[in-house]
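Take a look at the structure set out below.
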Amino acid sequence: MIVRFGYVAMSVHLDNASPSKTMTMTSFSKLADREAGLRRLERIAEENLHNTLRLLKHNRYMGIQVYRMTSKIIPLVTHEELQDWDPYPALAKAFAEVGAFVREHNMRVSFHPDHFTVLSTPREEVFRNSVKDLRNHVRMLEAMGLDESALNNIHVGGSYGDKVKSGKRFIEQFRSIEQRITERITLENDDKTFTAAETLSIAEEVGVPMVLDIHHHEVNPGNELLKDLWPRILQTWDRFPWNVKHANTSHKLPPKLHVSSPKSVTDPRGHADLIEIEQLLRFLVDIASVTPAIDVMIEAKSKDEALMKLMDDFRAIEASGGPIRVIDGGSLEVLS
DNA sequence: ACCTGTCAAGTCTGG
DNA sequence: CCAGACTTGACAGGT
């Protein structure tokens with residue numbers, strides 16, 4: 001099984017490379033010249049795209065092929081008061097440049113819209129805004145020229161006192177959204193409400209791939225065992241008809257795993273600086289024989305530093321005769 | 001240079 | 001019905 005690792009949004013190794021610089025609505029409103037303000041927002045977005053590209057180049061240098069981009073690339077883009085503003089023409093070149101680099105180096109990039117995107121909501125306005133936010137994420141991926149293997153990962157949402165009813169509402173509302181958006185969605189189990197089994201059933205029902213978060217599963221496990229769910233989770237990725245280049249061979253889009261470690265005993269849901277390797281290693285070894293390839297998103301406070309430390313730990317396991325063969329700075333093979 | 005409150009957005013709990 | 005917690009990087013405004 002080939003495993004590629006990725007991290008989220010920013011690097012602790014690159015200085016002045018924030019891909020999520022912003023401007024608050026409060027300060028935008030204070031500007032006398034609205035048009036000049038919009039140009040300034042576009043400049044910030046351009047800078048964020050430039051830093052995204054810098055991060056991708058850093059990743060390439062490190063051997064890291066998987067990366068989650070920040071949702072905050074274009075400040076205020078979905079804000080109610082700026083709906084007459086279309087920043088995309090001005091950003092076309094910057095977006096295209098990022099996308100070209102991703103394609104050229106066979107990278108896998110994704111977005112994870114914030115927790116304000118909730119498709120299970122009973123509030124019509126919240127649902128509308130959620131679709132608007134998703135549409136913007138799709139538009140960014142399209143502006144990058146990335147095909148439908150570049151995905152937006154979301155959670156099912158709140159339970160509103162009746163989880164079964166909310167799950168049904170998610171499915172119903174999901175089906176009312178245009179295909180251009182839904183074909184780019186993946187669903188992830190969360191740490192409070194929808195367990196892996198519940199998320200999986202909904203993902204199967206609407207036909208989207210499921211992203212498994214093993215830390216969320218640990219703090220919100222439900223009754224199912226992961227090893228029982230895994231074959232079904234794997235199947236949700238079967239619908240991808242296209243191939244992606246992957247470690248010099250061609251595969252379907254590999255399934256995705258999210259990994260983080262509990263911050264502390266008192267805050268088990270919080271994310272620690274680094275990754276404890278034990279649980280992850282056990283899981284990878286468990287699934288290796290039935291899983292040709294998987295991409296693992298590291299969600300640790302120390303970002304790419306946590307990824308590198310984890311690779312060091314894998315090298316130590318390889319050196320002591322464990323079933324690991326490290327390929328480069330961001331990928332390895334689990335022998336089965 | 002550093003500190004503190006605030007930010008576009010949602011949900012849940014407790015009062 | 002409303003305030004605060006949750007959680008996060010970065011702005012904004014202060015010292």
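Chain letters run A, B, ... following the sequence lines, proteins first, then strands; residues in each count from 1. Heavy-atom basis, side chains included; hydrogens, waters and symmetry copies ignored.
For the 3.5 Å distance criterion, the side chains of A/Thr186 and A/Asn153 qualify, holding a donor opposite an acceptor. A donor-acceptor pair shorter than 3.5 Å cannot be found between the side chains of A/Asp114 and A/Ser71. A donor-acceptor pair shorter than 3.5 Å can be found between the side chains of A/Glu305 and A/His13. Inspection of the A/Asp133 and A/Thr117 side chains reveals an N or O donor paired with an N or O acceptor under 3.5 Å. For the residue pair A/Asn51 / A/Arg54, a side-chain donor-acceptor distance below 3.5 Å is found, with atom types taken as modelled. The closest side-chain donor-acceptor pair between A/His115 and A/Asp190, if any, does not fall under 3.5 angstrom. In this structure, a donor-acceptor pair under 3.5 Å is absent between the side chains of A/Tyr67 and A/Asp304.
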Start with the C-alpha gap between A/Glu188 and A/His112, add the side-chain angles, then the distance that decides, and say whether side-chain hydrogen bond (donor to acceptor under 3.5 Å, both in side chains) holds.
CA-CA 10 Å; A/Glu188 178 193 347; A/His112 192 347; 3.2 Å; yes
Tell me, with the steps shown, if A/Asp295 and A/Arg108 meet salt bridge (Lys or Arg N to Asp or Glu O under 4.0 Å).
CA-CA 9 Å; A/Asp295 291 335; A/Arg108 179 180 189 174; 2.7 Å; yes
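One C1' atom belongs to B/dA1, the other to C/dT8, and the distance between them is 23 Å to the nearest Å. Comparing the P positions of B/dA8 and C/dG13 gives a spacing of 12 Å, expressed to the nearest Å. For B/dC3 and C/dT7, the P atoms lie 23 Å apart once the distance is rounded to whole Å.
Annotation: side chain to side chain donor-acceptor pair (under 3.5 Å) contacts involving residues 72-84 of chain A, sequence neighbours excluded, comprise A/Arg34-A/Asp84. Counting only residues at least two apart or on different chains, no ring pair (Phe, Tyr, Trp, His ring centres under 6.0 Å) pair has a member in residues 287-307 of chain A.
Listed by residue number, the members of residues 157-176 of chain A with any heavy atom below 4.0 angstrom from DNA chain B are A/Gly158, A/Ser159, A/Tyr160. Within residues 116-133 of chain A, the residues that have a heavy atom under 4.0 Å from DNA chain B are, in order of number, A/Phe116, A/Val118, A/Thr121, A/Arg123, A/Val126. Within residues 18-39 of chain A, the residues having any heavy atom under 4.0 Å from DNA chain B are, by residue number, A/Thr24, A/Met25, A/Thr26. DNA chain B lies under 4.0 Å from no heavy atom of any residue of residues 266-273 of chain A.
Taken from CG in A/Leu134 to OG1 in A/Thr182, the straight-line distance is 10.0 Å, to the nearest 0.5 Å.
Residues satisfying the side-chain hydrogen bond (donor to acceptor under 3.5 Å, both in side chains) criterion with A/Arg43, sequence neighbours excluded, are absent altogether. Listed by chain and number, the residues in a side-chain hydrogen bond (donor to acceptor under 3.5 Å, both in side chains) with A/Arg123 amount to none (sequence neighbours excluded). For A/Ser166, the side-chain hydrogen bond (donor to acceptor under 3.5 Å, both in side chains) partners are A/Arg169, not counting sequence neighbours.
Bracketed by its first and final contacts, the part of DNA chain B lying under 4.0 Å from non-hydrogen atoms of chain A reaches from B/dC7 to B/dC12 in 5' to 3' order. Taking the 5' to 3' direction, DNA chain C first and last meets chain A under 4.0 angstrom from a heavy atom at C/dT7 to C/dG13.
Side-chain contact between A/Val296 and A/Phe283 is absent, with no heavy-atom pair separated by less than 4.5 Å.
A/Lys301 comes within contact range of the sugar-phosphate backbone alone, with a heavy-atom separation under 4.0 Å but no base atom that close.
Remark: DNA chain B takes part in the stems B:1-7 with C:9-15, B:10-15 with C:1-6, each of 3 or more antiparallel Watson-Crick or G-U pairs, criterion distances under 3.5 Å.
Between A/His258 and A/His217, the distance from one ring center to the other does not fall under 6.0 angstrom.
Within 6.0 Å of CZ on A/Arg135 lie more than 12 heavy atoms contributed by other residues, nucleotides or ligands. For A/Lys165, the NZ atom counts as loosely surrounded, since its 6.0 Å shell holds 12 or fewer non-hydrogen atoms of other residues, nucleotides or ligands.
Considering every non-hydrogen atom in both A/Thr193 and A/Ser159, the closest pair reads CG2-CB, 3.6 Å.
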